[in-house]
Amino acid sequence: MARRQLPEINAGSMADIAFLLLIFFLVTTTMDVDSGLQRMLPPLPEDAPEIVDFNKRNVFVVLVNANNQLFVKGEPGDIKSLRREAKEFIANPGRKENLPEKEEKEVPFFGNYAVSKQVISLQNDRGTSYETYIMVQNELAAAYNELRNEIAMSQFGKSYDDLVLLKDEERVAAVRMIYPQRISEAEPKNIGGK
């Protein structure tokens, strides 16, 4: 009995089609690159924003010029001490006259609590390096995180980060009421005149 030959499939054109599909995929695909800050912007207000008049003592002004030099409250500053200075300003533990005012608020789990009216105002120069910008942002955010962790540990025996991981929304909201993160970032300017 003779073996029957299987018919051959011409695969030459299949290779061309696969090659064209590969080129099409490479040309049209974009790669996601994780960069930038992970900040959730507030929703766009429906009405015109209310202009709030702040007392100057409640505003912690941080300026960064084109030479990546810091000016904290009008004085030359250092990135190494920025977190400590921001923490002292935000908390104002001694109710000093040159630090932000406090107002009594009813905070769940804490009762009546003196909450600071602080705002951190950050202004960068257009020539500020990206590294300096990120370092300043990190130090300011770390100041809030450390204060939140400290008060959560003292009240609940867990850090604020643990409460967030455990999704304990009521306790997280209470801690945020005491230390609301208020970082106002203005549009970059030419601070140094360059």
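- Aromatic ring centres of Y179 and Y144 lie farther apart than the 6.0 Å criterion allows.
- Residues R171 and F156 meet the side-chain proximity criterion, which asks for heavy atoms closer than 4.5 Å.
- Of all non-hydrogen atoms in V59 and S121, the two that sit nearest each other are CG1-CB, 3.8 Å.
- At a threshold of 4.5 Å between non-hydrogen side-chain atoms, the residues E85 and S81 count as touching.
- Hydrophobic cluster of V27: the remaining members, joined at side-chain heavy-atom separations below 4.5 Å, are F19, I23, listed by chain and number.
- Side-chain atoms of N68 come within 3.5 Å of backbone atoms of S129 as a donor-acceptor pair (strictly under, hydrogens ignored).
- Looking at E185 and I120, their side chains never come closer than 4.5 Å, going by heavy atoms from C-beta outward.
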Apply the test salt bridge (Lys or Arg N to Asp or Glu O under 4.0 Å) to residues K80 and E139: give CA-CA distance (whole Å), side-chain angles for both, the deciding distance (0.1 Å), then the verdict. CA-CA 9 Å; K80 294 175 185 169; E139 292 302 308; over 6 Å; no

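- Panel note: side chain N58, backbone E101; a donor-acceptor pair is recorded below 3.5 Å.
- A 4.5 Å side-chain heavy-atom check between E150 and R148 finds every atom pair outside the cut-off.
- Shown here for A141 and I183, the closest heavy-atom pair between the two residues is N-CD1, 4.5 Å.
- Remark: side-chain polar atoms of T128 are not paired, donor with acceptor, to backbone N or O of N124 under 3.5 angstrom.
- The CG atom of D168 sits 11.0 Å away from the OH atom of Y160 when rounded to the nearest 0.5 Å.
- Counting heavy-atom neighbours within 6.0 Å of E169 CD, excluding the residue itself, gives a total of 12 or less.
- Considering CZ of F60 and CD of Q118, their distance stands at 10.5 Å, rounded to 0.5 Å.
- In the hydrophobic clustering of ILVMFWY residues, with side-chain heavy atoms under 4.5 Å counting as a link, F109 and I151 come out together.
- In this structure, the side chains of Q123 and V61 stay at 4.5 Å or more apart for every pair of heavy atoms.
- At a cut-off of 3.5 Å, with distance as the only test, no side-chain donor of S13 or D16 sits close to an acceptor on the other residue.
- Between atom CD of residue E106 and atom CE of residue M177 there is a gap of 8.5 Å, rounded to the nearest 0.5 Å.
- Note: S159 OG to E146 CD = 12.0 Å, rounded to the nearest 0.5 Å.
- Among all heavy-atom pairs drawn from L70 and D78, the shortest one is CD1-C, 3.7 Å.
- Here the side chains of V172 and V175 are not in contact, with every heavy-atom distance at 4.5 Å or above.
- The local environment of CD in E104 is crowded, with over 12 non-hydrogen atoms from other residues, nucleotides or ligands closer than 6.0 Å.
- Atoms CG and CD, on L163 and E170 in that order, are 11.5 Å from each other to the nearest 0.5 Å.
- Closest approach of V107 and A174 over heavy atoms only: CG1-O, 3.5 Å.
- Using a distance-only test at 3.5 Å, with no hydrogens or angles considered, no donor-acceptor pair links the side chain of D162 to the main chain of K158.
- No side-chain heavy atom of F71 sits under 4.5 Å from any side-chain heavy atom of V62.
- From L99, atom CG reaches atom NZ of K102 across 9.5 Å, with rounding to the nearest 0.5 Å.
- Residues S184 and V119 approach most closely at CB-CG1, 4.2 Å, considering heavy atoms.
- Here the side chains of R57 and E97 are in contact, with some heavy-atom distance below 4.5 Å.
- Taking both residues in full, the closest heavy atoms of I178 and V115 are given as O-CG1, 3.6 Å, listed atom of the first, atom of the second, then distance.
- Around NZ of K73, the count of heavy atoms belonging to other residues, nucleotides or ligands within 6.0 Å exceeds 12.
- Using modelled atom types, no side-chain atom of N67 and backbone atom of Q69 make a donor-acceptor pair closer than 3.5 Å.
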